[in-house]
Amino acid sequence: QELPETVLLKFFRPENTLVPARPTPEQLSNLIKTSLHYPESYNHSFRQKSLCLVPVTLLLSNCSQAVVDVMIDLRHKPTSSEALEIHGSFTWLGKTQYKLQLKGQEVYSLQLKACFVHTGVYNLGTPRVFAKLVDQVTLFETSQQNSMPALIIINNI
């Protein structure tokens with residue numbers, strides 16, 4: 001009696017047949033996670049040197065798998081007088097705008113310098129971050145959700 005012939009079965013799966021859904025505005029506003037790294041307080045002798053420069057690191061994390069265009073704007077200032085009274089005003093030194101591209105899940109570290117002329121409590125959380133997917137045909141990037149205030153204390157020694 002002959003044994004039935006065995007045939008190997010091959011399974012085919014078409015590659016990427018799903019059309020990616022258009023991201024919602026909420027998803028677009030959460031493409032980039034930002035965090036500021038800086039000392040909680042900084043001691044400086046304003047008598048010896050009138051300008052106090054503090055190094056600050058802005059960490060940008062691409063939360064998506066896609067390539068994202070990112071624009072950082074440091075020119076934003078708090079508009080309410082209350083914010084100025086509580087936190088005072090400071091200046092970012094150097095470039096005021098940065099444009100970069102982050103690959104999927106990439107983390108990028110941007111070195112900044114904050115300049116202070118008085119003692120006080122300041123909110124470093126002023127950088128505005130905008131992002132858009134690289135393949136997205138959009139005139140404007142979506143503003144990224146801002147984190148909590150980033151307070152620093154500047155002391156005179």
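What you are looking at is a predicted structure, and each value in this text was computed from that prediction instead of being measured.
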From OG1 (Thr34) to CZ (Arg128), nearest 0.5 Å: 13.5 Å
Ile32 and Val68, any side-chain heavy atoms less than 4.5 Å apart: yes
Closest approach of Leu124 to Leu36 (non-hydrogen atoms, all atoms of both residues): O-CD1, 3.2 Å
Side chain to side chain donor-acceptor pair (under 3.5 Å): pairs with one or both residues in residues 44-60, sequence neighbours excluded: Thr57-Gln111
Worked check of side chain to side chain contact (heavy atoms under 4.5 Å, CB included) between Leu102 and Leu60: CA-CA 9 Å; Leu102 295 181; Leu60 302 152; 4.1 Å; yes
For Tyr98, all residues meeting ring pair (Phe, Tyr, Trp, His ring centres under 6.0 Å), sequence neighbours excluded: none
Where Ile154 and Cys52 come nearest, the two heavy atoms and their spacing: CG2-SG, 4.2 Å
Shortest non-hydrogen contact between Ser89 and Tyr122, atoms and distance: O-CE2, 3.3 Å
From CA spacing to verdict: side chain to side chain contact (heavy atoms under 4.5 Å, CB included), Thr126, Leu74: CA-CA 7 Å; Thr126 61; Leu74 299 177; 5.9 Å; no
Check against side chain to side chain contact (heavy atoms under 4.5 Å, CB included), Lys99 and Val70: CA-CA 6 Å; Lys99 289 188 180 202; Val70 181; over 6 Å; no
Interatomic spacing from CG in Asn155 to OH in Tyr42 - rounded to 0.5 Å: 11.5 Å
By ring pair (Phe, Tyr, Trp, His ring centres under 6.0 Å) - contacts of Tyr108 (at least two apart): none
Closest heavy-atom pair and its distance - Gln105, Cys63: NE2-O, 3.4 Å
For Val54 against Phe116, the heavy-atom pair lying closest together: CG2-CE1, 3.6 Å
Cluster check Ile152, Val117: I/L/V/M/F/W/Y, side chain < 4.5 angstrom: no
Non-hydrogen atoms of Asn62 and Lys103 that approach each other most closely: ND2-O, 2.9 Å
Members sharing Leu93's hydrophobic cluster (side chains within less than 4.5 Å): Leu53
Side chain to side chain contact (heavy atoms under 4.5 Å, CB included) assessment of Cys115 paired with Phe90: CA-CA 6 Å; Cys115 178; Phe90 72 97; over 6 Å; no
For Glu106, side-chain hydrogen bond (donor to acceptor under 3.5 Å, both in side chains) partners two or more places apart: none
Set of residues satisfying side-chain hydrogen bond (donor to acceptor under 3.5 Å, both in side chains) with respect to His37, sequence neighbours excluded: Ser35
Heavy-atom side-chain proximity of Trp92 to Val56 below 4.5 angstrom: yes
Side-chain (Asn123) to main-chain (Ala150) donor-acceptor, under 3.5 angstrom: yes
N/O donor-acceptor pair under 3.5 Å between Asn43 side chain and Ile157 backbone: no
Asp69 side chain to Val134 backbone, donor-acceptor under 3.5 Å: no
